[in-house]
Amino acid sequence: MEWGGGFPIEKICKTVHQYNKDPVSNEDMEKLLDIARDYRKVKNYVYERFGGIGSISKLYPGYTVQNEMTKTGLRETLGMPSVYFYLAVFDALGDIKCQWTKTKSEILKIVGQKEEFTEEEKHYLRFLLKVNNAFEAVLNRKPVLLKRELQGQYNLLAEKVDVRKLKNYLCRQVRKHYLKLHTDVEEGFSIAERAYRYADHGIYISVKQKRKRIFVSLTDNNRYTTQLYIKLFPDQGRIEIKAPIQVTVHKHEDYTSHIGVAVGMYTMFTTDEGRRYGEGLGGYQTKYADWLRKQTGSYMHNKSDNPGRLKYRNKKRRYEEALHAYINQELNRFLRTEKPEVIYIPKLPGPKAGGGNKRMNHYNTLWHRGYIRRRLTQKCREQSVEIVEVMGKDISRECSCCGGEGEKKGGTFVCPVCGYQAEEKVNAAINAKKRGQGNQRIY
């Protein structure tokens with residue numbers, strides 16, 4: 001948080017991308033790949049050594065792991081600069097922490113749905129999952145010893161339940177849901193500010209050879225002073241630089257409307273007042289999906305006609321870039337035109353596998369709903385717009401006028417109860433707004 005004129009200025013993180021202008025030579029790409037390979041080896045070493053239950057206590061804040069990794073001599077063995085070595089260590093630690101968080105969340109969900117558990121038993125298990133020291137002690141079969149206040153809470157909970165049974169249950173669930181990490185990917189690496197320098201319309205990147213840097217020309221002259229991520233595309237002779245930056249959150253006094261939207265595969269958004277955004281989305285996605293199906297068929301049935309993986313990847317990337325550019329353009333137009341304070345949007349179901357028309361299933365699978373949602377979320381954060389997710393179940397079948405169950409006929413919603421008719425996406429968008437302003441929000 002920064003301050004300006006005596007008032008706090010809110011900022012959020014945004015990732016920007018940079019690209020090489022000229023192809024990276026094979027020699028320079030090999031030097032970058034050498035770093036990426038070592039980066040992977042270090043991460044896998046950390047995963048293997050510190051990814052188990054015996055190392056949970058070492059994960060926070062992580063300096064114990066850093067010191068132990070220094071003593072291993074792995075950096076010297078690899079001949080890896082410290083600036084890359086320790087970033088790989090802390091990247092791996094972050095992945096392990098995320099894996100433990102994901103595992104705990106999954107077990108918390110299961111515990112909450114376990115009907116045979118009493119409320120006291122659920123409360124006890126939630127305590128173990130939320131207090132790291134207690135969680136670590138149970139998994140390592142050690143007594144639960146906590147600070148005085150927490151110890152008192154734990155003792156009160158333990159008096160009301162079968163401690164041994166619940167501890168064993170927690171250990172079984174961890175064994176079932178926790179996956180020890182490993183990666184075979186050598187696609188890139190993180191780089192600290194002291195390992196790169198912007199100059200001469202490009203960037204100089206340190207390599208493993210002492211006091212040596214390679215130069216990569218860039219398509220822009222932007223310069224960043226933060227930790228970057230270098231993603232490598234060796235087959236294409238190119239790199240992608242990801243830079244996290246802090247951007248100021250804009251607050252608009254004229255953004256006052258509350259809008260319900262329906263999301264579609266062919267038209268991206270339809271508002272509760274019938275305005276449409278992204279009507280060309282279906283064309284982009286259909287063209288992309290048909291091309292992918294054709295390429296798959298060509299490769300499977302006539303390998304001699306296959307254009308090669310490099311050509312395939314380049315064209316696939318161009319399709320995706322065009323699609324993403326269109327999505328972002330329409331999202332910007334949506335926000336500028338609607339000036340929303342709050343957007344009510346239904347939770348979308350995941351893609352369904354099997355059954356029905358294979359071609360439609362393929363289109364549905366390639367629907368970039370996740371990308372649309374991520375970009376909408378980021379842009380709304382930047383513009384101080386609130387997104388409210390609502391229950392999506394039967395939202396297109398419910399009459400927005402009387403609440404009865406209707407049916408869809410050729411894109412029109414018809415309610416047999418009250419006779420209401422409307423374009424089906426408009427009806428769904430009105431329902432999204434009603435649910436968001438009622439009691440069907442998803443928190």
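Computed from a predicted structure; not experimentally measured. Residues take their numbers from the sequence shown, with the count starting at 1.
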[X] side chain to [Y] side chain, donor-acceptor N/O pair below 3.5 angstrom:
{"X": "Asp95", "Y": "Tyr47", "answer": "yes"}
{"X": "Tyr86", "Y": "Thr70", "answer": "yes"}
{"X": "Asn328", "Y": "Arg375", "answer": "yes"}
{"X": "Asp220", "Y": "Gln18", "answer": "yes"}

Least distance between heavy atoms, [X] atom then [Y] atom:
{"X": "Lys180", "Y": "Glu48", "result": "NZ-O, 3.0 Å"}
{"X": "Arg40", "Y": "Asp184", "result": "CD-C, 3.6 Å"}
{"X": "Val390", "Y": "Ala432", "result": "CG1-O, 3.7 Å"}
{"X": "Gln378", "Y": "Lys14", "result": "NE2-CB, 3.6 Å"}
{"X": "Ile430", "Y": "Ser400", "result": "CG2-CB, 3.5 Å"}
{"X": "Ile56", "Y": "Glu136", "result": "CB-CG, 3.8 Å"}

Within-4.5 Å side-chain heavy-atom neighbours: [X] and [Y]:
{"X": "Glu382", "Y": "Val247", "answer": "yes"}
{"X": "Arg381", "Y": "Val249", "answer": "no"}
{"X": "Glu386", "Y": "Cys380", "answer": "no"}
{"X": "Arg238", "Y": "Val24", "answer": "no"}

On the 0 to 90° scale, with breaks at 30° and 60°, tag the [X]-[Y] ring pair as parallel, tilted or perpendicular.
{"X": "Phe127", "Y": "Tyr154", "result": "tilted"}
{"X": "Tyr63", "Y": "Phe90", "result": "perpendicular"}
{"X": "Phe189", "Y": "Tyr84", "result": "perpendicular"}
{"X": "His250", "Y": "His252", "result": "tilted"}
{"X": "Phe334", "Y": "Tyr277", "result": "perpendicular"}

So that I know where these two stand, are Trp100 and Tyr60 an aromatic pair - ring centroids less than 6.0 Å apart?
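Ring centres of Tyr60 and Trp100 not closer than 6.0 Å.
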
Would you give the length of the straight line joining atom [atom1] of [X] to atom [atom2] of [Y], rounded to the nearest 0.5 angstrom?
{"X": "Ile191", "Y": "Leu87", "atom1": "CD1", "atom2": "CG", "result": "8.5 Å"}
{"X": "Leu281", "Y": "Met265", "atom1": "CG", "atom2": "CE", "result": "9.0 Å"}
{"X": "Phe269", "Y": "Ile345", "atom1": "CZ", "atom2": "CD1", "result": "4.5 Å"}
{"X": "Ile241", "Y": "His17", "atom1": "CD1", "atom2": "NE2", "result": "11.0 Å"}
{"X": "Lys425", "Y": "Arg276", "atom1": "NZ", "atom2": "CZ", "result": "10.5 Å"}
{"X": "Leu228", "Y": "Thr15", "atom1": "CG", "atom2": "OG1", "result": "11.0 Å"}

Give a yes/no verdict on a cation-pi contact between Lys130 and Phe135, requiring under 6.0 Å between NZ or CZ and the six-membered ring centre and an angle within 45° of the axis.
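Verdict for Phe135: no cation-pi partner in Lys130.
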
Does the structure place the NZ or CZ of Arg213 under 6.0 Å from the centre of the six-membered ring of Tyr204, at an angle of no more than 45° from the ring's axis?
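Judged by the rule, Arg213 and Tyr204 form no cation-pi pair.
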
Can you list the steps and then say if Lys109 with Ser105 is a side chain to side chain contact (heavy atoms under 4.5 Å, CB included)?
CA-CA 6 Å; Lys109 181 179 177 182; Ser105 297; over 6 Å; no

Applying the side-chain hydrogen bond (donor to acceptor under 3.5 Å, both in side chains) criterion to Tyr288, which one of Arg293, Arg318, Glu320 satisfies it?
Glu320

I'd like to know if the side chain of [X] reaches the main chain of [Y], judged simply by a donor and an acceptor atom lying under 3.5 Å from each other, with no hydrogens or angles considered.
{"X": "Ser55", "Y": "Lys58", "result": "no"}
{"X": "Asp34", "Y": "Lys208", "result": "no"}
{"X": "Asn431", "Y": "Ile395", "result": "yes"}
{"X": "Arg435", "Y": "Met391", "result": "yes"}

Apply side chain to side chain contact (heavy atoms under 4.5 Å, CB included) to the pair Asn427 and Gln421, showing each step before the final yes or no.
CA-CA 9 Å; Asn427 179 70; Gln421 293 188 25; over 6 Å; no

Heavy-atom count around Glu321 CD within 6.0 Å, excluding the residue itself: above 12?
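Above 12, so yes.
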
Between Tyr39 and Ser190, is a side chain to side chain contact (heavy atoms under 4.5 Å, CB included) present by the stated rule, with each step listed?
CA-CA 9 Å; Tyr39 205 87; Ser190 295; 3.2 Å; yes

